[in-house]
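In this text, all values refer to a predicted model and were calculated from it rather than measured experimentally. Sequence lines set the chain letters: A, B, ... in the order given, protein chains first and strands last, and positions in each chain run from 1.
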2 protein chains.
Amino acid sequence: MVARGDARRERIIAVAFQEFTAFGFRGASLARIADGAGITQPGLLHHFPGKAELLIAVLHERDQRDGQRIGIDLDGVTPWPRLFDDLRALVDFNSRVPGLVQLFTVLNGEAVTDGHPAREWARERYRRLIEHADRSLRAGVEAGELKADLDTLACAQRLFAVMDGLQQQWLLDPDRVDMPRAFGAFLAEVERSVRA
Amino acid sequence: MVARGDARRERIIAVAFQEFTAFGFRGASLARIADGAGITQPGLLHHFPGKAELLIAVLHERDQRDGQRIGIDLDGVTPWPRLFDDLRALVDFNSRVPGLVQLFTVLNGEAVTDGHPAREWARERYRRLIEHADRSLRAGVEAGELKADLDTLACAQRLFAVMDGLQQQWLLDPDRVDMPRAFGAFLAEVERSVRA
DNA sequence: TAACAAACCTACTGATTACTCGGTTGGCTT
DNA sequence: AAGCCAACCGAGTAATCAGTAGGTTTGTTA
């Protein structure tokens, strides 16, 4: 009976992913999620103790799945040319999965509100991503390949600021924002300016 | 009796501003807003036909108030060096009013969800801001002061992407993000790279 | 085969949601 | 003084919200 339970959990998470993407955490309804998963509401709450925990489960599942797909080792030190390639590939991929981008955009925005269950998750996620990029750039500086006076932390923050800012504009107005192109151009500019 | 009505409207909008900032549109409660404004819920709905219209009223009021404060003429053509100064001043100001930044961040994120009343507002706002910056840069190109092959639209989009992306990071982790400094450094970099 | 527990269900809770109906009040205009 | 209307309020509306209590089914394991 373990197998059936696991399958159900996956189904619930998949439906919850869509619900949170469409309406955010506050706009999401457990009743609709249960319905979509072909289960009653108490049945849903047998698998997850509450709405907040369900959201966290969805986010963790996404982190894990996307982490291994994109193949970036967030704990190691990626050589900086590889970092830029990885980011380019990530944005290219994202441009083909607007739903995924929407989930992250909506929840990042919602996360700054009072008492939001994803606040911690959002902050830690940014810290991880930025520190990873920062390490790459610092290694490049130490190897003498990048400018010695490069502000690596500010540069790392900027990389993800542009990525997220373009996602926001792209979701609101896809016809006017060529996200991969705009991000690629930005990266090229950065690559030129950081070289020693 | 007109004066009292106007004062009440202003009071309602001020309280609603805080409520939408703290909880977003979906998380906001008309009952709490009415309470904070010292009025009953039907009393509130006498002034605004519904929750969506109240949100729009708050956003329009903010647009108007902030528009005249920052002194940017969105319809005219700002000389590009002035554009950069204006943006710098805007980010400096924003760093002193986190509540205001939070309202815009939360609503921009929420706006991409299904059937959100601020979707149109968010899209039009970006269009206005980006077109304004784009016109500035194009004028600079035509005057021969900026690179002839500068992609002015992509550059304009990037300016606001960085601004919003840094706001997001700053709200989540104010200790690790020096927003005005990071944005200033970015602008300096842009200014160097766009010059003819 | 007996015990056990995971995986559900029905039925319900009280709270909250945005919003409506049908008033009353009180100041301004004619 | 009569009439009018903006500015409210009390009392509800039906719907939805997340979550609970307590029981039943069903497969696994001892």
Side-chain angles (χ1 to χ4, degrees), chain A residues 1-59 106-107 110-111 113-119, chain B residues 1-59 106-107 110-111 113-119:
Chain A
M1 213 166 181
V2 170
R4 194 176 58 162
D6 283 2
R8 185 73 84 174
R9 274 180 67 98
E10 277 185 39
R11 177 79 196 277
I12 292 171
I13 286 183
V15 175
F17 168 88
Q18 292 181 301
E19 178 79 7
F20 288 131
T21 297
F23 305 110
F25 173 72
R26 300 205 137 99
S29 153
L30 289 183
R32 272 198 303 261
I33 295 172
D35 223 44
I39 203 177
T40 62
Q41 202 172 322
L44 194 170
L45 292 171
H46 165 75
H47 293 281
F48 303 92
K51 196 186 185 185
E53 290 80 5
L54 176 56
L55 174 67
I56 297 300
V58 168
L59 294 175
V106 170
L107 286 176
E110 235 186 355
T113 59
D114 296 12
H116 197 282
R119 204 193 174 110
Chain B
M1 211 160 181
V2 171
R4 194 175 56 161
D6 283 2
R8 184 75 83 176
R9 275 180 65 98
E10 276 185 40
R11 178 77 196 277
I12 292 171
I13 286 183
V15 175
F17 168 87
Q18 292 181 302
E19 177 79 9
F20 289 132
T21 297
F23 305 112
F25 173 72
R26 300 205 137 100
S29 152
L30 290 184
R32 272 197 303 262
I33 295 171
D35 223 44
I39 203 176
T40 61
Q41 204 170 324
L44 195 169
L45 292 170
H46 164 75
H47 293 281
F48 302 91
K51 196 185 183 185
E53 289 80 5
L54 176 56
L55 174 67
I56 297 300
V58 169
L59 295 175
V106 170
L107 286 176
E110 234 186 356
T113 58
D114 295 11
H116 197 283
R119 203 191 177 113

Round to the nearest Å and state the distance from [X] atom [atom1] to [N] atom [atom2].
X: A:Lys51; N: D:dC17; atom1: NZ; atom2: P; answer: 8 Å
X: A:Ile33; N: D:dT16; atom1: CD1; atom2: P; answer: 16 Å
X: B:Asp35; N: C:dT16; atom1: CG; atom2: P; answer: 12 Å
X: B:Asp6; N: D:dA7; atom1: CG; atom2: P; answer: 7 Å
X: B:Ile39; N: D:dG10; atom1: CD1; atom2: P; answer: 11 Å
X: A:Leu54; N: D:dC17; atom1: CG; atom2: P; answer: 14 Å
X: A:Phe23; N: D:dC17; atom1: CZ; atom2: P; answer: 10 Å
X: B:Phe48; N: C:dC19; atom1: CZ; atom2: P; answer: 13 Å

(message) Heavy atoms only, 4.0 Å cut-off, all strands: where does A:Ala28 land among base, sugar-phosphate and nothing?
(response) sugar-phosphate
(request) Looking at every strand, decide which applies to B:Leu30 at a 4.0 Å heavy-atom threshold: base, sugar-phosphate, or nothing. (result) sugar-phosphate
Side-chain N or O of [X] closer than 4.0 Å to phosphate OP1/OP2 of [N]:
X: A:His47; N: C:dC8; value: yes
X: B:Thr40; N: D:dC8; value: no
X: B:His46; N: D:dC8; value: no
X: A:Arg8; N: C:dC8; value: yes

(message) Donor-acceptor check, side chain of A:Glu110 to backbone of B:Gly24, threshold 3.5 angstrom: yes or no?
(response) no
(message) Checking contacts here: which listed nucleotide (C:dA18, D:dA18, C:dT20) is nearest the side-chain heavy atoms of B:Leu45?
(response) C:dT20
(request) Among C:dA11, D:dG19, C:dA18, find the nucleotide with the atom closest to the side chain of A:Pro42. (result) C:dA11
(request) For B:Arg9 and B:Phe48, run side chain to side chain contact (heavy atoms under 4.5 Å, CB included): C-alpha distance rounded to whole Å, both residues' side-chain angles, the deciding distance at 0.1 Å, then the answer. (result) CA-CA 9 Å; B:Arg9 275 180 65 98; B:Phe48 302 91; 3.9 Å; yes
(request) State, yes or no, whether a side-chain contact exists between A:Ile39 and A:His47 at a heavy-atom distance under 4.5 Å. (result) yes
(request) Would you sort out whether B:Val106 and B:Phe20 count as a side chain to side chain contact (heavy atoms under 4.5 Å, CB included), showing the intermediate values? (result) CA-CA 8 Å; B:Val106 170; B:Phe20 289 132; over 6 Å; no
(request) List the steps and the verdict of side chain to side chain contact (heavy atoms under 4.5 Å, CB included) for A:His116 and A:Leu107. (result) CA-CA 9 Å; A:His116 197 282; A:Leu107 286 176; 4.2 Å; yes
